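The next block holds one structure in the form of structure tokens; read it before the comments.
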Amino acid sequence: MPKVAIYCRLSIEDKDKAENDASASIQNQKAMLRDYCHERDWEIYDIYVDDGYSGIDRSRPEFNRMLRDCEAGHIDIVLCKDQSRFSRDTVVIEQLINDKFLEWGIRFIGVADNADTDSESYSTMRLFASAYNEMYVKDISAKIRRTLAYKREQGQFIASFAPYGYQIDSEDKHHLVIDEETAPVVRKIFDMYVSGEGYRRIVQKLNADGIVSPTEYKRQKGSKYVNTNADTSNAHGLWTQSTVARILHNEVYTGTLVQGKSHHISYKNKKRKQVEQAEWVRIPNAHEQIIDAETWSRTQERLNSHGRVGKRSQELSPLSGKVRCACCGRPMKRNVYYNKAKTIKYYGLQCATYKTGAMNCPNKSSISGLILERHILNELNLIVEQFCKADEIQLADIHSEQLRELERRLSTLEERHKAAKERLLKMYKDKLDGVLSDEDYAMFRQSLSDEENNIAEQIADVNKQITVCRKRQENAKGQKALVEQYTHFDKLDRSIADEFIDYIEIGETFENGEREIHIHWKL
């Protein structure tokens with residue numbers, strides 16, 4: 001008995017069509033395809049649903065999950081209402097139906113348009129249907145762009161989510177009204193900045209007062225808003241300096257609607273391209289202002305007066321990109337400063353999580369870059385000295401310790417990955433049992449799938465590091481020649497760092513003032 005994957009899709013542009021054609025709805029697509037299987041005594045392996053995704057979109061989550069199941073050999077037949085539900089992209093149709101499906105031994109069937117890869121006439125029909133479907137999407141895309149451009153010029157708000165401090169008018173979805181709960185927070189941020197407070201002090205005050213971040217606020221209100229940067233950071237609902245900076249730079253709070261800052265590269269490519277500022281669509285007095293013109297002017301004057309010391313030099317720091325926090329794994333950010341005479345340059349390194357203002361990493365203190373460089377030189381010169389004295393250095397011991405640390409990290413990640421997969425399976429069972437609705441399942445599954453994919457990427461990265469470490473362990477004796485090139489190091493430069501250092505982990509400061517520094521050598 002063949003195992004069937006039922007795939008259903010409904011895009012935003014299909015919504016109006018679905019109102020006139022009941023068979024176009026997700027529920028009716030499911031019912032039609034279930035009946036088709038039952039009439040033939042076929043086993044339904046799984047039902048995959050992408051609601052609100054265009055047929056030209058290659059990043060549809062359920063579509064890609066189905067393809068993974070196809071490649072794994074779990075599926076014999078892919079069943080859709082018609083070929084356009086599967087994809088409207090000619091290239092995708094050719095790559096998958098006419099190539100990969102043949103390789104995987106999978107039959108494709110589109111019920112409504114009689115598409116069937118087992119039919120001799122399908123190859124000819126497929127080309128015409130694919131061309132028509134792609135022309136349809138291109139035409140729809142052009143119409144949508146023209147409509148959105150017109151709405152921008154008319155001062156209509158066209159984004160899906162209102163900026164923090166505002167909410168979408170319940171009587172007009174293209175108009176913003178003040179959110180009385182969060183607007184005072186916006187005013188507080190601008191007032192503190194104008195009065196001389198910096199990003200860090202503002203963030204500390206907001207977090208100390210228990211005010212949740214904009215992303216967390218939207219979630220608490222039941223919004224489906226997703227902030228990938230917040231999801232992958234360690235802020236966990238806290239304010240950060242970058243969030244405060246975005247608010248201070250956003251002209252929307254003056255009542256001016258600014259739109260058209262970016263657009264999709266094409267109807268096929270959903271990556272966004274930035275638009276020159278002169279071409280932005282600015283509509284003054286489009287909605288009620290939260291801050292007055294004078295506050296905005298003073299804010300921008302102060303923002304534009306700041307310069308970064310780091311721009312004075314184009315020289316790459318010896319340790320740039322190599323130093324991490326041992327507590328949270330985030331990079332250690334570099335702060336550059338000079339003496340009063342501007343003749344001596346210093347720099348410090350601080351955990352990025354704490355530095356952004358989230359402050360939920362216990363590794364608070366910065367470490368002097370010069371002290372860290374001196375510590376590295378001492379360790380490296382000690383290795384050279386030991387080699388010169390003993391005429392041999394046990395480099396394999398260094399790699400063995402690194403390997404043990406990497407294997408411990410891999411074990412932890414694999415446990416997290418296993419737990420995420422188990423949560424996904426339990427959620428799917430809840431959906432089948434009716435505990436979760438299809439909509440809630442789709443929403444929660446996306447979040448868990450992102451978590452699972454993120455952990456899988458980390459596992460892949462650690463596995464690569466383990467492979468490299470094992471090779472270095474095997475070739476440890478041959479590395480003696482590298483050390484023999486040097487006898488003593490007086491200064492750490494970029495070439496030496498690249499030659500010898502993989503990465504460095506900086507831990508917390510102990511009560512006695514000492515700091516944990518763990519150097520992962522390339523030796």
Side-chain angles (χ1 to χ4, degrees), residues 61 65 68 72 215-216 226-238 240 319 321-333 349-356 358-365 367 372 379 395-429 444-474 476 501-510 514-523:
R65 183 171 74 89
R68 290 194 293 270
T215 298
E216 184 61 25
V226 175
N227 183 339
T228 53
N229 291 329
D231 291 340
T232 56
S233 77
N234 293 313
H236 300 306
L238 298 175
T240 64
L319 300 175
K322 292 182 178 291
V323 188
R324 307 175 187 174
C325 172
C327 297
C328 68
R330 291 287 303 280
M332 300 284 281
K333 293 293 185 181
L349 295 162
Q350 189 173 31
C351 171
T353 300
Y354 189 81
K355 187 178 186 306
T356 56
M359 297 172 293
N360 56 335
C361 178
N363 200 358
K364 303 177 182 179
S365 304
I367 183 171
L372 178 59
E379 290 287 322
L395 296 174
D397 293 341
I398 297 174
H399 299 314
S400 295
E401 176 59 32
Q402 292 177 359
L403 188 58
R404 283 192 292 271
E405 176 63 29
L406 289 169
E407 287 174 341
R408 283 194 294 268
R409 188 182 306 172
L410 179 62
S411 177
T412 301
L413 287 170
E414 286 176 339
E415 285 295 324
R416 289 176 56 197
H417 191 249
K418 180 181 177 182
K421 292 179 73 173
E422 289 175 349
R423 291 200 301 274
L424 276 170
L425 180 60
K426 183 179 182 302
M427 195 188 330
Y428 178 67
K429 290 179 178 178
F444 291 128
R445 190 188 187 290
Q446 181 62 51
S447 176
L448 281 177
S449 294
D450 291 343
E451 178 185 349
E452 182 186 358
N453 292 336
N454 178 263
I455 296 173
E457 289 175 3
Q458 293 184 56
I459 288 174
D461 180 60
V462 172
N463 275 320
K464 288 180 182 177
Q465 293 183 50
I466 288 174
T467 300
V468 172
C469 190
R470 283 174 176 162
K471 286 182 179 177
R472 289 173 181 162
Q473 193 177 38
E474 293 170 1
I501 301 170
D502 190 4
Y503 63 94
I504 302 164
E505 291 182 305
I506 306 295
E508 295 182 67
T509 303
F510 299 121
E514 294 183 359
R515 197 75 175 265
E516 179 187 0
I517 301 174
H518 188 62
I519 305 170
H520 293 258
W521 300 102
K522 285 184 177 179
L523 293 170

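On a predicted model such as this, the values are computed, not experimentally measured, just so you know. When reading the values below, keep in mind they use all heavy atoms of this one structure, side chains included, and skip hydrogens, waters and symmetry mates.
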Which pair of heavy atoms, one from Ala326 and one from Glu505, lies closest together, and at what distance? CB-CB, 4.0 Å

With a 4.5 Å cut-off on side-chain heavy atoms, are Val323 and Leu372 touching? yes

Answer whether the closest heavy-atom distance between the side chains of Cys351 and Cys327 falls below 4.5 Å. no

Between Asp502 and Val468, is a side chain to side chain contact (heavy atoms under 4.5 Å, CB included) present by the stated rule, with each step listed? CA-CA 11 Å; Asp502 190 4; Val468 172; 5.9 Å; no

Using a strict 4.0 Å threshold on nitrogen-to-oxygen distance, state whether Arg408 and Glu405 make a salt bridge. yes

Tell me, with the steps shown, if Ile501 and Trp521 meet side chain to side chain contact (heavy atoms under 4.5 Å, CB included). CA-CA 5 Å; Ile501 301 170; Trp521 300 102; 4.0 Å; yes

Donor-acceptor contact below 3.5 Å, side chain Asn363 vs main chain Ile506: yes

Decide yes or no for Leu406 and Leu410: does some side-chain heavy atom of the first lie under 4.5 Å from some side-chain heavy atom of the second? no

No-hydrogen, no-angle side-chain donor-acceptor test under 3.5 Å, Asn453 and Glu457: no

Criterion side chain to side chain contact (heavy atoms under 4.5 Å, CB included) against Ile455, the qualifying member of His417, Lys418, Lys421: His417

In this structure, CE of Met332 is separated from CD1 of Ile504 (nearest 0.5 Å) by 10.5 Å

Are Pro331 and Arg324 close enough that some pair of their side-chain heavy atoms sits under 4.5 Å apart? no

Looking at NZ of Lys364 and CD of Glu508, how far apart are the two atoms once the value is rounded to the nearest 0.5 Å? 9.0 Å

Gap between atom CZ of Arg409 and atom CD1 of Ile459 - 0.5 Å precision: 12.5 Å

Say you draw a straight line from NZ of Lys322 to CG of Leu349; how long is it, rounded to the nearest 0.5 Å? 13.5 Å

